[in-house]
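Keep in mind it's a predicted model, so treat the numbers as computed, not measured. Chain letters run A, B, ... following the sequence lines, proteins first and then strands; every chain starts at 1.
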Amino acid sequence: MKVRVDDPEHMNLMGLLMRGLLESSLAGERGRAAARKLRGDVRICAGTMSVTMSFSADEIVLRASGNTRPRANVRGEMKPLLEMVAGGGLIGPVLRGKVKVRGNLLMLLRLLPLIRPSRKG
Amino acid sequence: MKDFLVNLLGRESVLDEEGALAPYREDYCEAAPSDPSLVAFVTTTDQVQQIVREAARRKVAITPRVAGTNVGGLAISVAGGLILDFTKMNKVQEVNDVDMYAVIEPGVTQKQMKECLRDRGGTLTLGYSLAPPHTSILANALLGGLTNRSLKYGDQSQWISGLEVVLADGTLARTGSWALQNVSPYGQVPFPALTGLFVGWAGTTGLCTKMAFQLWPQHKFNRRLFVLTYTPRGTFEAVRRLVRREFCDDIGGLSWPSAKMMLGVKRPHPEPARGEPTFTLYVDLTADIEEEMALKQRMLNDVLDSVRRENERIEEPLDIRMLLKINPAMSPFAEFPTDLEFLTNHGGGGLSWVGTYGPLSKFETGIDAGTRIMVRHGLAPVIVARPMRGGHYGVLRFVEIFDKESPTETSRVKAVNSELLAMCTQLGFVMYKTPSWAFEILKPGIDPGMLKLMRDVKTLLDPQGIMNPGKLGL
């Protein structure tokens, strides 16, 4: 399983940050297991930037804009979103209204272990 | 000259073979390579004095050099010249913890000084430039370079409290308070400020063999926060307001391509992605008690709120520790000194810039104009813009990486730099660490009296013209 940025020269800062996070996560068994269960697109909108993560059997592709309708959306200001992916968890920010989610919630729950920092191989 | 050097220093400390001399032909930038005939590694002041006397006798040009990371060709010798390599003259001679100063030799690196202060208990610190950890503190100071404490204390030349210099006839001279016997190098006053004869002169007036400089207290709590902004106006209005509140240790601004390059994009597209922040400000805060840090963060938010109320979008400050958890590639910005490999180790080998000092009031205009120039040439606008010395002036620097093996890219960098220099000069910015090509362009605009004074000083201190000839257009 690998992470690929589609058109990296045009990718936004959020997408490039996410690439590092996903690569770290996939270095651990928890992240790899989570990625194996995911298929389809999830879009993250951080402030005025958006990035779409497309999950398939052998790779995760990051795009600055997705043409397809994603299965799930996560939206919020940059700081609460980054705090969430830095290990703060999804539930608290959602309950406080700092992060909004839409679409397939089960997919988002499956995504959570993948977007938590992991440094272990 | 070779026999003299070998007798004085030993065969192993003198280079004269083509392969060994090759790294000394050039530096990072597009300046034309030039072959020295000899490189000598010195370790003592006495050796430097003897070499200078012999070189004066034989009229051999001398160029001082340490890491060779200059981006203006200042440490490239004239063809056939002698390069004095100071990397092995690298002792920290003294650190005074009470009076807060250090005395170092030219080869002392940023990394070495940091480790030295840490080993002494970490009560003192200094600012670090954005150059790699193995670069010389003394060279940056003599060239008036900036550091990550320049908002509070100015460019690094302003911290110099005394110099020991070998003059062109081999005389050893001290400037600053320690010129008087048994007095410590606490500062430059009250003697005439002769240190200035060697600052900003690119080694054309003498060879500095020791530098005394001021150190600063290391506080218990340090926080580096990143503030993402979307317009030059919002960015630098925030900077101007922050500097007047006087609670930040440092503020630096980096344009959007810098962050992307650090995150692995070798050559970002010249235009930013849709919705992307265009500038990142890093704000350094320090404190000795937690309440002080909390208050400073509150003050930061207060200033940012005041700019947001004027319809400027500014993200909430992001702690570097949190960003590191998300992406370890941000680590070069976690701690200084740092190796920004995306600039220095990108494959093509070339790094150049037009780095200027000038008024904060003109930052937005300069950034808009500089961005247009770089984009027109197909370059992503890598810009460093930051306040210096309480905000009385600032740095506006445009950076290019390029493939040194490509004549097309080298020509493009020269063309871009010429345009950037003209634009910056017109706006009231002055290029620092001034390369010879830039000095020639600036010369017609420099006050004739100042130019005469510079020539007279040069003639007085270096009558035979052996000290790093060809620099500063003198």
Side-chain angles (χ1 to χ4, degrees), chain A residues 2-28 31 43-53 62-66 75-89 93 98-99 114-121, chain B residues 225-231 234 254-281 297 300-301 304 308 312-334 342 375 378-380 382:
Chain A
K2 63 178 182 180
V3 182
R4 181 166 62 84
V5 175
D6 182 48
D7 195 4
E9 281 70 29
H10 287 90
M11 176 49 84
N12 59 43
L13 195 58
M14 185 68 187
L16 297 171
L17 281 169
M18 289 299 295
R19 172 169 66 180
L21 176 71
L22 292 170
E23 283 172 347
S24 296
S25 215
L26 289 175
R43 186 172 297 156
I44 295 184
C45 299
T48 50
M49 285 183 284
S50 74
V51 58
T52 303
M53 298 183 283
L62 296 170
R63 293 186 179 85
S65 58
R75 177 181 290 277
E77 288 303 320
M78 195 172 296
K79 188 175 182 185
L81 268 174
L82 291 177
E83 283 174 343
M84 181 188 89
V85 299
K98 297 275 185 188
V99 172
L114 186 62
I115 59 170
R116 282 196 192 123
S118 165
R119 301 282 173 263
K120 289 178 185 144
Chain B
L225 300 162
F226 282 78
V227 179
L228 304 178
T229 59
Y230 291 81
T231 67
L254 299 162
S255 61
W256 58 270
S258 318
K260 294 174 116 169
M261 289 162 81
M262 196 184 323
L263 292 172
V265 182
K266 286 201 170 190
R267 301 273 178 120
H269 189 270
E271 302 284 352
R274 211 175 104 209
E276 185 169 56
T278 53
F279 251 87
T280 303
L281 291 177
Q297 287 190 252
L300 171 63
N301 287 328
L304 298 180
R308 286 187 191 112
E312 292 288 351
R313 181 177 178 85
I314 297 178
E315 300 293 342
E316 286 185 72
L318 307 168
D319 196 309
I320 184 68
R321 292 168 300 185
M322 178 185 74
L323 292 172
L324 280 178
K325 280 189 196 172
I326 298 168
N327 195 326
M330 297 290 286
S331 64
F333 264 107
F342 62 91
V375 170
L379 297 170
V382 179

Can you measure from [atom1] ([X]) to [atom2] ([Y]) and round to the nearest 0.5 angstrom?
X        : Y        : atom1 : atom2 : answer
A:Leu16  : B:Lys260 : CG    : NZ    : 6.5 Å
A:Asn12  : B:Leu263 : CG    : CG    : 11.0 Å
B:Arg274 : A:Thr48  : CZ    : OG1   : 9.5 Å
B:Lys266 : A:Glu9   : NZ    : CD    : 11.0 Å
A:Ser24  : B:Ile326 : OG    : CD1   : 10.5 Å

State, with a plain yes or no, whether a side-chain heavy atom of [X] is found less than 4.5 Å away from one of [Y].
X        : Y        : answer
B:Met330 : A:Leu17  : yes
B:Pro277 : A:Met49  : yes
B:Glu316 : A:Met78  : no
A:Lys79  : B:Glu315 : no

Counting only non-hydrogen atoms closer than 4.5 Å, does A:Glu23 touch chain B with its backbone (N, CA, C, O), its side chain (CB onward), both, or neither?
neither
Proximal component of A:Met11, with respect to chain B [non-hydrogen, under 4.5 Å]
backbone
Looking only at non-hydrogen atoms, find the nearest pair between B:Lys325 and A:Ala86 and report the distance.
CD-O, 3.5 Å
Among the options A:Asp7, A:Leu13, A:Leu22, pick out the one with the most heavy-atom pairs lying under 4.5 Å from chain B.
A:Leu13
Exceeds 12 heavy-atom contacts within 6.0 angstrom, atom CZ of A:Arg75
no
Please say whether more than 12 non-hydrogen atoms of neighbouring residues, nucleotides or ligands are located less than 6.0 Å from CZ in A:Arg4.
yes
Where on B:Pro317 is there a heavy atom nearer than 4.5 Å to chain A: the side chain, the backbone, both, or neither?
backbone
